[in-house]
Number of protein chains: 2
Amino acid sequence: MSLKHGLLGLLNYGSMTGYELDKAFKDSLNFFWQAQTSQIYRELNAMEKLGWLTSEVIFQTNKPNKKQYSITPVGRSELKNWLNKDIPDNEFQIRSVFLMKLFFSGERSFDESVIMLKNYKNNCMDAMASLYGTNSLIELYQPYVDKTHKAVYWKLTADFGKSYFKMCLDWADRTIKTLEESL
Amino acid sequence: MSLKHGLLGLLNYGSMTGYELDKAFKDSLNFFWQAQTSQIYRELNAMEKLGWLTSEVIFQTNKPNKKQYSITPVGRSELKNWLNKDIPDNEFQIRSVFLMKLFFSGERSFDESVIMLKNYKNNCMDAMASLYGTNSLIELYQPYVDKTHKAVYWKLTADFGKSYFKMCLDWADRTIKTLEESL
DNA sequence: TGGGTCATGTAACCTGTTACATGATTAG
DNA sequence: CTAATCATGTAACAGGTTACATGACCCA
């Protein structure tokens with residue numbers, strides 16, 4: 001149940017509509033968690049039923065009406081609880097279609113494997129580039145987060161990403177060499 | 001649809017029962033893909049309906065009967081097809097409850113964050129240790145894989161894991177230091 | 001006599017994905 | 001005129017998780 005808690009964490013910074021949450025989510029948590037817009041709306045409904053949120057309809061002229069969600073005390077204590085609960089071991093596991101394909105690459109040609117690895121490198125480079133762009137996002141959102149030092153944690157997650165993709169690129173280079181030498 | 005293809009890949013090495021597949025899966029693919037036993041049985045049924053597999057009941061005395069699955073030509077071509085199909089971009093994304101908690105760690109104390117990071121390090125060390133154990137598994141399974149060089153790809157995926165967990169440990173050390181200095 | 005191995009599942013549930021629907025306003 | 005932004009969803013499906021069920025054999 002992490003998507004719910006991610007939304008809870010964002011609403012803890014301030015009340016927002018589903019639409020705004022969707023954008024905030026995609027600007028911040030998206031690098032380590034993904035969610036479809038439709039899923040966000042569904043979860044917000046469920047969370048309201050759980051009593052974690054309340055909603056208020058805001059009428060607008062010239063624009064569609066909107067529904068603003070606010071975190072409740074119950075929601076806030078749920079967030080703290082979740083934060084301090086141990087993460088189960090299986091949450092640390094890797095899930096990678098890419099590695100699964102590599103595992104079975106004995107079933108195809110050397111060239112096809114190398115093409116996949118080169119595509120992989122391109123993906124990593126793109127992901128890394130977008131992480132270097134988060135610095136400006138962090139500054140953009142900083143005023144909305146009450147205590148400034150909280151942004152430190154955002155930066156730490158971004159650092160993880162940078163280290164991760166760098167490691168992937170290095171590994172891919174070594175792997176391509178290993179394959180070339182095994183010919 | 002990667003679990004189906006993982007099972008297909010294993011059955012491509014030789015016919016097996018659900019029970020044997022479950023064990024082979026957990027000995028090999030488990031580091032980058034996870035599946036419950038019940039899910040494996042369910043998927044085998046679905047794959048048979050798709051015509052990717054055939055099954056044959058083997059009667060046994062003193063032991064429960066078993067059902068052996070064999071890959072069909074359709075299944076084999078599905079496997080090759082899947083291997084050479086491009087991996088969609090979203091398959092490269094990270095999903096990490098751990099990073100989500102770190103992101104929101106401004107909501108809790110410094111000590112609690114550090115405890116989480118130390119737990120994380122322990123998890124990484126365990127995972128790394130179990131990867132160093134795969135070498136013997138690779139040798140164990142090698143006779144079952146027709147062409148010996150296929151084990152190269154298994155080793156490459158294990159190398160990824162080792163690099164990954166090493167990177168995680170280094171990052172966690174740096175992160176703990178950063179947090180200590182920010183006090 | 002208790003726990004591990006062998007062997008196969010069902011049912012309910014939760015989460016995530018894909019496709020679709022609507023419709024006004026505003027900036028280039 | 002056309003694309004983006006604002007704003008909220010529903011429905012169907014796919015995939016993964018959890019809990020439960022059964023029962024014999026074998027070894028310590």
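Here is how names work: the chains are called A, B, and so on, in the same order as the sequence lines, proteins then strands, and each is numbered from 1.
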Nucleotide of [options] approaching [X] most closely (side-chain heavy atoms):
X       : options                : answer
A:Ser38 : D:dC6, D:dT10, C:dA7   : D:dT10
A:Asn62 : D:dT8, D:dT18, C:dT25  : C:dT25
A:Gln39 : D:dT18, C:dT18, C:dT15 : C:dT15
B:Gln36 : D:dA7, D:dT17, D:dA11  : D:dT17
B:Arg95 : D:dG9, D:dA19, C:dG16  : C:dG16
B:Tyr19 : C:dC6, D:dT8, D:dT17   : C:dC6

Any salt bridge between B:Lys166 and B:Asp170, counting N to O under 4.0 Å?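 Judged by the 4.0 Å cut-off on N to carboxylate O distance, B:Lys166 and B:Asp170 do form a salt bridge.
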Between [N] atom [atom2] and [X] atom [atom1], what is the distance in whole Å?
X       : N      : atom1 : atom2 : answer
A:Trp33 : C:dT17 : CH2   : C1'   : 14 Å
A:Glu56 : D:dT8  : CD    : P     : 13 Å
A:Leu44 : D:dT10 : CG    : C1'   : 15 Å
B:Ile58 : C:dC6  : CD1   : C1'   : 14 Å
B:Gln60 : D:dG23 : CD    : P     : 18 Å
A:Met47 : C:dT15 : CE    : C1'   : 14 Å
B:Arg42 : C:dC14 : CZ    : C1'   : 12 Å
A:Met1  : D:dG16 : CE    : C1'   : 16 Å

With no hydrogens and no angle check, do the side chains of A:Asn12 and B:Glu107 hold a donor and an acceptor under 3.5 Å apart?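 Side chains of A:Asn12 and B:Glu107: pair found under 3.5 Å.
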Going by distance alone, is a donor N or O of one side chain under 3.5 Å from an acceptor N or O of the other, for B:Arg174 and A:Ser163?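 There is such a pair between these side chains.
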Indicate whether OP1 or OP2 belonging to [N] is found under 4.0 Å from a side-chain N or O atom of [X].
X       : N      : result
A:Gln34 : C:dG16 : no
B:Lys23 : C:dC6  : yes
B:Lys67 : C:dG9  : yes
B:Lys4  : D:dG15 : yes

B:Asn45 or A:Lys63: which one's nearest nucleotide on DNA chain C is closer to the 5' end?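 Closer to the 5' end of DNA chain C: B:Asn45.
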Give A:Glu43 one of three labels, base, sugar-phosphate or nothing, depending on what nucleic acid heavy atoms sit under 4.0 Å from its own.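 Result for A:Glu43 = nothing.
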Are B:Leu79 and B:Trp52 close enough that some pair of their side-chain heavy atoms sits under 4.5 Å apart?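 B:Leu79 does not reach B:Trp52 side chain to side chain.
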With under 30° as parallel and over 60° as perpendicular, where do the rings of A:Phe92 and B:Phe98 fit, or are they tilted in between?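 Tilted.
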